[in-house]
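First the structure, which I've put down as structure tokens, then a few questions once you've had a look.
Only this structure's heavy atoms are used, side chains among them; waters, hydrogens and symmetry mates stay out.
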Amino acid sequence: MTKIFEQLLKQRGLDEDFLHPNYDELFDPFAMQDMQKVVDRIELAREKNEKVLIFGDYDADGVTASSVMRAALLDFGVLKIEVVLPDRFKDGFGLKMSAVPRILESDASLVVTVDNGSMANEVCNELKKHGIDVIVTDHHEIPVVPDKAVATINPNRVDEKCDKGLAGVGVAFQVARALNMRKNGGKCDGQEKWLLDLVTIGTICDLMPLIGVNRTLTYWGMTVLKKTRRAGIRELAKLAKGNLEHANSQTIGFQLGPRINAAGRLESANLAYDLLNAETRAQAFALADELDELNKKRKKMQEAIVAEARESISDDDFVNVVCGDWHEGVVGIAAGHLVEEFKRPAIVLARLEDGTLKGSGRSFGEFSLGEALRVCDDLLLTGGGHAAACGLSLEASNFDAFKKRINEYYASLGLKNQEKFLRAKSDIILKDLKDVNCELYDEVQLLEPFGEGNTEPIFELRAKIRSRKILKEKHLSLSIVDKDAKELRLMAFYAPKEWLEVSAGVYATVQFTLSLNEWGGRKNVEGQIISINLDK
């Protein structure tokens, strides 16, 4: 083991158990509250040949969780299953009263929620009146356990001892494990592991911390993903120019995830669900192609929103608040890009046909959007969120007042130097490039998959920029050399304008992550630029 990697492990407090987690040491799913009730009720549904309706969500976590739950029920012997995914624009998030008529029409006698349901006590009560039971499986905050549900599986229950970082799909997987154990005399037969590709996609896309139980699930899930049986994932990876044989967190974060999410953002999450459950290659290809085109459309919309938003942003504002004739499914991503570009919180609102504004906000540091919305409550139709993100709607006539008040609120806090919260922190400060080689790269890959709570290691070095190239007017290629003239090539795709203006011959402190360039049978370590700070 290289000294650099040893230092990295020590700094992060990691050991062999983290590098190679043992799947067999996962906690007993029956230790989760209400799991026995869940399995008993599903077993009854199987025995009585009842119809079960799975009620999911429209994002990658919800779609993968729905797919996991369906597979688990089928494997357990439940034959009548219907999956319902709400429409982001018509239905909104979660199991609401508006879904009751559709559920009643389905003739289902049992509803199982995935990735939602913790706030659905009223719906559970209404369905109970019609003889329909509800099992809630969710991972969102749960103020009060729905007392009209047959059972509630949620790691955020006050007295729950399970890992609280599970995604919705992770919770669904615990139900799958419990059903598998009941079916096989108290021990899993191992076939449930084939669901881990879906668990990994949903967990990473939902930005769950990749430590504890999630570390084990995603570590083994990457192994399953590389040899996935799902035609839809294979075809989607091909169209995204991904290589499943060498899949990593970037494969999910930049290739599979955005395309799966594009369905719910622009049209219907059913497209993504159908892809994940496609039975033929032809069906899988057609759906993958449709998702790929939707993702291209999403990118163009996003770029257009950001470009138009720039025109209405004032240097005097603390919070960038903008509105326009934009697609409401894309404004949240656009807000994130505005935060990156302007280093300020951003709220992006789309004009709806009824004349109202609806959108999302993103923040960082010590400015909480959730608290800011409470200060503006009288100006909003709806609004809620947490420190880093929010969703809201308001009358168009209140836009100027809302923008003014939220900026006044920011000013009243007297916050200083908030940009520091956006700066990447270096894991290792290098003295030279002597030990930056293929061995170090391979060791770093032992930490995959990267994500929340287990970020990709960032290296820092003060070096001389030997040469620079601008590719296609937007990508940057640099060659840096250390004090001993050892060279390293660095890349930045879609580089910020100020990076493109960097000159050769100057000294700079550069942050970068490691990448591998394989060409002609040779392997060379390179880097992806995180930041460039020129010597003053």
Side-chain angles (χ1 to χ4, degrees), residues 23 54 56-76 78 81-83 85 114-115 167-177 179-180 188-206 217-264 268-295 448-449:
Y23 177 83
I54 298 170
D57 191 24
Y58 42 71
D59 65 359
D61 188 18
V63 172
T64 53
S66 299
S67 300
V68 165
M69 188 63 73
R70 174 181 175 272
L73 293 178
L74 285 172
D75 182 67
F76 194 64
V78 177
I81 303 171
E82 180 179 349
V83 176
L85 303 179
V114 291
D115 195 28
V169 69
V171 175
F173 183 68
Q174 303 315 318
V175 175
R177 291 177 63 218
L179 291 173
N180 190 284
C188 287
D189 63 3
Q191 292 304 304
E192 83 288 348
K193 293 177 184 177
W194 287 105
L195 298 172
L196 286 173
D197 52 355
L198 297 175
V199 176
T200 299
I201 291 171
T203 300
I204 291 177
C205 289
D206 217 42
L217 296 178
T218 56
Y219 174 88
W220 289 104
M222 293 306 299
T223 299
V224 175
L225 182 63
K226 292 173 183 178
K227 50 186 177 183
T228 182
R229 296 172 172 177
R230 301 177 204 285
I233 292 179
R234 291 197 299 268
E235 294 302 319
L236 191 62
K238 288 178 185 176
L239 283 173
K241 296 181 173 57
N243 185 344
L244 286 182
E245 186 180 345
H246 300 289
N248 57 23
S249 49
Q250 289 200 348
T251 307
I252 295 173
F254 295 98
Q255 296 170 352
L256 301 178
R259 288 164 174 80
I260 291 171
N261 273 323
S268 168
N270 289 306
L271 292 171
Y273 173 82
D274 290 342
L275 172 92
L276 296 179
N277 296 280
E279 296 182 355
T280 67
R281 183 178 177 183
Q283 181 190 20
F285 175 79
L287 289 164
D289 186 57
E290 191 167 357
L291 289 184
D292 191 52
E293 290 301 317
L294 279 178
N295 192 52
E448 278 276 9

CD of Q283 to CZ of R281: how many Å apart, nearest 0.5 Å?
->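 Going from the CD atom of Q283 to the CZ atom of R281 covers 14.0 Å.
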Could you walk me through whether V68 and V114 pass the side chain to side chain contact (heavy atoms under 4.5 Å, CB included) check?
-> CA-CA 10 Å; V68 165; V114 291; over 6 Å; no
L287 CG to L276 CG distance, which is reported to the nearest 0.5 Å =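 Separation between the atoms: 9.5 Å.
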Working to the nearest 0.5 Å, report the span between CG of D57 and CG of D115.
->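 The CG atom of D115 is 5.0 Å from CG of D57, to the nearest 0.5 Å.
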State, with a plain yes or no, whether a side-chain heavy atom of L271 is found less than 4.5 Å away from one of L294.
->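 Side-chain contact under 4.5 Å: yes.
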Heavy atoms only: give me the nearest N180-C188 pair and the separation to one decimal.
->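 Closest approach of N180 to C188: OD1-CA, 3.1 Å.
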Take S66 and L85, measure what side chain to side chain contact (heavy atoms under 4.5 Å, CB included) needs, and give me the verdict at the end.
-> CA-CA 8 Å; S66 299; L85 303 179; 3.4 Å; yes
Whether over 12 other heavy atoms sit under 6.0 Å from F254 CZ |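 Atom CZ in F254 is not packed in, count stays at 12 or less.
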Compare all side-chain heavy atoms of I260 with those of C205 and state whether any distance is below 4.5 angstrom.
->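 A side-chain contact is absent here, since even the closest heavy-atom pair is not under 4.5 Å.
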For the student: nearest non-hydrogen atoms of L236 and L275, plus distance |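 Scanning both residues completely, I find the closest heavy atoms to be CD2-CD2, 3.8 Å.
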Apply the test side chain to side chain contact (heavy atoms under 4.5 Å, CB included) to residues L225 and I252: give CA-CA distance (whole Å), side-chain angles for both, the deciding distance (0.1 Å), then the verdict.
-> CA-CA 10 Å; L225 182 63; I252 295 173; 4.0 Å; yes
Report the residues that fulfil salt bridge (Lys or Arg N to Asp or Glu O under 4.0 Å) with D197, sequence neighbours left out, ordered by chain and then residue number.
->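 Partners of D197 under the salt bridge (Lys or Arg N to Asp or Glu O under 4.0 Å) test: R230.
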With sequence neighbours excluded, what pairs up with D75 under the salt bridge (Lys or Arg N to Asp or Glu O under 4.0 Å) test?
->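 With sequence neighbours excluded, D75 shows a salt bridge (Lys or Arg N to Asp or Glu O under 4.0 Å) to K183, given in chain and number order.
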How long is the span from the NZ atom in K226 to the CG atom in N248, to the nearest 0.5 Å?
->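 The distance works out to 8.0 Å.
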CH2 on W194 to NZ on K227, rounded to 0.5 Å =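 With rounding to 0.5 Å, NZ (K227) is 5.5 Å from CH2 (W194).
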Note, W220 side chain near T200 side chain (heavy atom, < 4.5 Å) =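 The answer is no; the side chains never approach within 4.5 Å.
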In Å and rounded to the nearest 0.5 Å, what is the CZ to CD1 distance from R259 to I233?
->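 The CD1 atom of I233 is 14.0 Å from CZ of R259, to the nearest 0.5 Å.
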L217 vs L196, side chain to side chain contact (heavy atoms under 4.5 Å, CB included): CA-CA, chis, key distance, verdict = CA-CA 7 Å; L217 296 178; L196 286 173; 3.9 Å; yes
